[in-house]
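Working notes, beginning with the structure itself.
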Amino acid sequence: MIRVDEKGFYGKFGGAYIPEMLHPNIEELRENYESIVATEEFQKEFKLLLKDYVGRPTPLYFATRLSEKFGAKIYLKREDLCHTGAHKINNTIGQIILAKKLGKKRIIAETGAGQHGVATATVCALMGMDCTIYMGSIDIQRQRPNVERMRILGAKVVPATSGSQTLKDATNEAMRQWINNPVDTHYIIGSVVGPHPYPEMVARFQSVISEEMKWQLLEKEGNENPDIVVACVGGGSNAAGAFYHYYNVPQVRLVAVEAAGLGISSGKSAATTVLGTSGILHGSKTLLMQTADGQVIEPHSISAGLDYPGIGPVHAHLFDIGRAEFVAVEDEDAMNAGIALSRTEGIIPAIETAHALHALSMIEFKKDDVIVINLSGRGDKDLDTYIKWGGY
Amino acid sequence: MNRIDQLFQQKKERVLSIYFTAGFPKLEDTLPIMEAIEAAGADIIEIGIPYSDPIADGPTIQDSNMIALENGMSLKVLFEQLKEMRKTVSIPVVFMGYLNPIIQYGMENFCAKCKEVGVDGLILPDLPMQQFLDEFKGLFDKYELRNTFLISPQTSEKRIREIDQHSNGFIYMVSSHSITGAKTGISDEQVTYFERVAAMDLKNPRLIGFGISDAESFSKVSQYSNGAIIGSSFIKKIKDSKNLKEDIKTYIQEVIR
């Protein structure tokens, strides 16, 4: 049975390794989130916003030409059609309602590529809440359009100038600012990472993805269980959402796709389950890329959303017990898979998602297997990267 | 007897603990800085173990961590540097470090090495109390290491009592809602918090840290506690120092004057 235990662990991974200054905040969240989320009032507001504002349910699209190409029944779960262009908003809608119920006045968040930052700035505008987004100063330079989107939405974007100046440092900076403003501020973490209860809370808000998949598959295939679910993993929030209702259905294969960057052994990779070891990052025990001395290694991926040195504790657990298959896709293969989907189905995917698409060429499956690929985001934000890459 | 216990038996007021990052500003500065801190009249030396992702620290200590790592500092190097420290350093020595590098080194190895070189206590800010009790307390006791927990203005009375029960050595009172080096000056709100905790009559001595930078703030917070910890401000003083020994002496003697 895969679920978080009362101390916040999935098997060996998880927990809340946080400075005492954050203890009251985490306690407040831990003690209240389940009861708040369980209320009819919360569920009503959450579901209404997901439907009318985000545009859910997202279609489960049978990809005819892609299916022909690979010789399987391939469905795409169209999270790319969500408002703001990716699954990230499912979580920010849930957390902003929660923050309001907790009486918080301010929101802070970290962002890498800017997708979670935009999704957070969006819901803050929606709810009229003050919003500050921490973003590595290198990411600010390479993701300019998303920085401006956040600013248009009224958010303040603050550069994280320490360390490697990317997602990991933006997360450090957001945690520091939460320590500095513990009373009136809620921190919206964007992935299934961080101290308990964040990983489980974010997974629950994202679990709407597999919840819909079940009834959509029942409608289309007469069986709510596919043979295989495929999703990319940086921290792992879209994968957690796509796997959630299948964790404990053993006949459904779960395939998690990591970014191999320039190659596993190139020194420029983000394939955490291959290169990582058990350690503590951003408040939880998980697999992370680190030196023998326990210093965190800066990862590399062409996709900013997968450019993270750890994975969520639930994924570390799925890996540890062999419940999910993990594959690692290199930059080049992901880019080609992204261009191929554009040509085959008329959908330009986010580069994160393109990693999941290439996994079709790496895993084994039977003809007529039903495969669902979680199409976590659209490629608009990645146009610059596609243009620089060329090859089309 | 543990040096920390001994210190607080003899001295109950104006105890000064100085924090610095191991291997900063230069790799080989660790031991000379410790000797200079003792010679200048401080009471406790707190050695920071550098880490790539120090989430409770502000820019000054972050930078010192990065520089120390670039200089090649690691726990292995640090224990080597401290091998003979008890020949020249007699005051209590405490390690402050994040959990991950210590776990990779191996907690039991780490504790054994601490005892071997003469470290007296540990401050591990991201070690949760429950984890400490479940996994590590036995080791700390076995190697006679005092364990210091942090409390902040947000910590409830109930939790302060629990922390007091499970701490030994001293309690580290974070002076305000802040990371290290963030604020200066002591507000009335902070004084209310210091008085509230002082009135709780805890079994452990209390040192106040974060935002303490000079004689004035040191004297002020010492009225409500057993003393204070200075970190960021000290790091700034030694960062570009041309004469570490002299500059450390001047700085510390100015604080405790």
Side-chain angles (χ1 to χ4, degrees), chain A residues 6-9 14-28 110 160-165 168-185 194-196 277-286 288-298 309-310, chain B residues 49-59 61-63 65-66 68-69 72-78 97-106 123-131 134-135 148-156 159-160 163 171-174 176-180 182-183 210:
Chain A
E6 62 198 28
K7 287 182 177 172
F9 281 84
Y17 296 85
I18 43 160
E20 185 62 32
M21 295 84 94
L22 284 179
H23 186 266
N25 298 44
I26 293 294
E27 271 302 288
E28 181 187 31
E110 84 295 341
T161 55
S162 63
S164 55
Q165 307 176 17
K168 141 181 119 63
D169 309 283
T171 308
N172 291 338
E173 204 48 41
M175 287 193 167
R176 290 180 187 121
Q177 294 313 318
W178 206 21
I179 291 173
N180 283 343
N181 302 282
V183 183
D184 65 342
T185 301
H196 177 63
T277 49
S278 176
I280 290 161
L281 179 66
H282 296 144
S284 63
K285 187 180 273 180
T286 189
L288 67 125
M289 290 167 49
Q290 56 183 327
T291 66
D293 293 328
Q295 308 298 340
V296 181
I297 291 174
E298 191 51 30
Chain B
I49 301 166
Y51 180 47
S52 54
D53 296 80
I55 57 170
D57 287 301
I61 293 179
Q62 286 170 42
D63 286 350
N65 275 245
M66 290 304 284
L69 290 173
M73 182 45 73
S74 66
L75 271 174
K76 221 172 131 189
V77 172
L78 180 57
Y98 294 85
L99 211 43
N100 197 48
I102 296 170
I103 286 181
Q104 303 310 322
Y105 190 87
I123 306 171
L124 309 178
D126 57 349
L127 173 60
M129 187 164 62
Q130 197 56 49
Q131 235 73 33
D134 293 348
E135 295 179 41
T148 287
F149 282 114
L150 277 60
I151 64 172
S152 84
Q154 286 304 106
T155 312
S156 68
R159 188 156 169 95
I160 295 175
I163 285 172
I171 285 176
Y172 192 140
M173 284 179 68
V174 175
S176 63
H177 309 306
S178 81
I179 51 177
T180 55
K183 292 170 189 171
F210 289 41

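Protein chains get the first letters and strands the later ones, always in sequence-line order, with residue 1 at the start of each.
- Interface summary for chain B: among A/Gly15, A/Ser164, A/Ala292, A/Pro24, the most heavy-atom pairs under 4.5 angstrom belong to A/Pro24.
- In this structure, chain B has no heavy atom under 4.5 Å from any part of A/Thr161.
- B/Gln154 places no side-chain N or O within 3.5 Å of a backbone atom of A/Asn25 that could act as its donor or acceptor partner.
- In this structure, chain B has a heavy atom under 4.5 Å from the side chain of A/Glu173, while its backbone stays farther away.
- The distance from atom CG of A/Asp169 to atom CD of B/Gln62, rounded to the nearest 0.5 Å, is 8.5 Å.
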Carefully, step by step, assess B/Asn100 and A/Leu281 under the rule side chain to side chain contact (heavy atoms under 4.5 Å, CB included).
CA-CA 8 Å; B/Asn100 197 48; A/Leu281 179 66; over 6 Å; no

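- The minimum heavy-atom distance between A/Asn180 and B/Ile179, with the atom names listed, is OD1-N, 2.9 Å.
- In this structure, no portion of A/Ile297 lies under 4.5 Å from any heavy atom of chain B.
- With a 4.5 Å cut-off on non-hydrogen atoms, B/Ile163 touches chain A through its side chain but not through its backbone.
- In this structure, chain A has heavy atoms under 4.5 Å from both the backbone and the side chain of B/Leu150.
- Rounding to the nearest 0.5 angstrom, the gap separating the CG atom in B/Asp53 from the CD1 atom in A/Ile280 is 12.5 Å.
- In this structure the side chain of A/His23 never reaches within 4.5 angstrom of the side chain of B/Ser156, judged on heavy atoms.
- For A/Glu27, no part lies under 4.5 angstrom from a heavy atom of chain B.
- Using a 4.5 Å cut-off between heavy atoms, B/Ile102 does not touch chain A at all.
- Put simply, the side chain of B/Ile55 reaches to within 4.5 Å of the side chain of A/Pro19, judged on heavy atoms.
- Of the inter-residue distances, the one linking B/Met73 atom CE with A/Gln295 atom CD reads 11.0 Å to the nearest 0.5 angstrom.
- Of the atoms belonging to A/Ile179, heavy atoms from both backbone and side chain fall under 4.5 Å from chain B.
- Look at A/Glu20 and B/Arg159 and you find a salt bridge, because one of the NZ, NE, NH1 or NH2 atoms lies within 4.0 Å of a carboxylate O, short of that distance.
- When each of B/Ser152, B/Pro101, B/Pro153 is checked for heavy-atom pairs under 4.5 Å with chain A, B/Pro101 comes out on top.
- If you measure heavy-atom distances from B/Asn65 to chain A, you find no contacts under 4.5 Å at all.
- At least one side-chain heavy atom of B/Tyr51 sits less than 4.5 Å from a side-chain heavy atom of A/Val296.
- Residue B/Pro50 touches chain A through its backbone alone, counting heavy-atom pairs closer than 4.5 Å.
- Summarising the geometry of B/Gln104 relative to A/Asp293, their closest heavy-atom pair is CB-C, 4.3 Å, with the distance given to 0.1 Å.
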